[in-house]
Amino acid sequence: MKLHYYPDTDSLYIELSARPGSETREVSEGVNADIDAHGKPVGFDIDRASRVVDLSSLEAQALPLRSYRVS
């Protein structure tokens, strides 16, 4: 899973999988889900992210991480 923040558009993309999306569905105003050909979610795009979520910190609990990277 990867988080991509784009400050020029204030959007946050949460990439769940590297699989290509074949459809985008609006799940609520300003939140879109990318879905693969088998109906599985591959990512979420959040418009106006800084108004919707707290971008000042990131916390993970009990994830079975093999690696992590901060850039």
Side-chain angles (χ1 to χ4, degrees):
M1 178 169 54
K2 296 179 183 178
L3 303 176
H4 306 268
Y5 178 66
Y6 303 97
D8 54 323
T9 59
D10 190 23
S11 64
L12 176 67
Y13 189 75
I14 303 167
E15 181 182 331
L16 303 175
S17 171
R19 292 186 316 270
S22 64
E23 178 184 356
T24 300
R25 299 178 189 169
E26 185 175 43
V27 295
S28 69
E29 185 178 339
V31 178
N32 295 299
D34 289 333
I35 310 298
D36 72 8
H38 303 289
K40 305 276 187 201
V42 295
F44 293 93
D45 186 42
I46 303 172
D47 296 333
R48 297 175 305 281
S50 67
R51 298 177 188 177
V52 178
V53 297
D54 180 4
L55 297 173
S56 66
S57 67
L58 175 64
E59 183 176 332
Q61 295 182 357
L63 291 176
L65 298 176
R66 288 180 292 191
S67 67
Y68 69 92
R69 182 177 62 160
V70 178
S71 56

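From a predicted model like this one, the values you see are computed outputs, not experimental measurements.
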[X]-[Y] co-clustered via ILVMFWY side chain contacts under 4.5 Å:
X	Y	value
V27	I35	no
L55	I14	yes
L65	M1	no

Separation between [atom1] of [X] and [atom2] of [Y], rounded to the nearest 0.5 Å:
X	Y	atom1	atom2	result
Y13	L3	OH	CG	11.5 Å
N32	D34	CG	CG	7.5 Å
F44	T24	CZ	OG1	11.5 Å
K2	L16	NZ	CG	12.5 Å

Taking every non-hydrogen atom, the tightest pair across [X] and [Y]:
X	Y	answer
A49	I46	CB-O, 3.8 Å
A37	S22	N-OG, 3.3 Å
G21	V42	CA-CG2, 3.9 Å

Practice task
Among residues two or more places apart or on two chains, list those pairs meeting salt bridge (Lys or Arg N to Asp or Glu O under 4.0 Å) that have a residue in residues 39-51.
Solution key: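 For residues 39-51, and leaving out neighbouring residues, there are no salt bridge (Lys or Arg N to Asp or Glu O under 4.0 Å) pairs at all.
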Practice task
Count the heavy atoms of every other residue, nucleotide or ligand shown that sit under 6.0 Å from CD of E26, and state whether that count exceeds 12.
Solution key: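 Atom CD in E26 is packed in, count exceeds 12.
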Handout entry: Side-chain donor-acceptor contact under 3.5 Å, D10 with S50
Key =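 On atom types as modelled, these side chains qualify, holding a pair under 3.5 Å.
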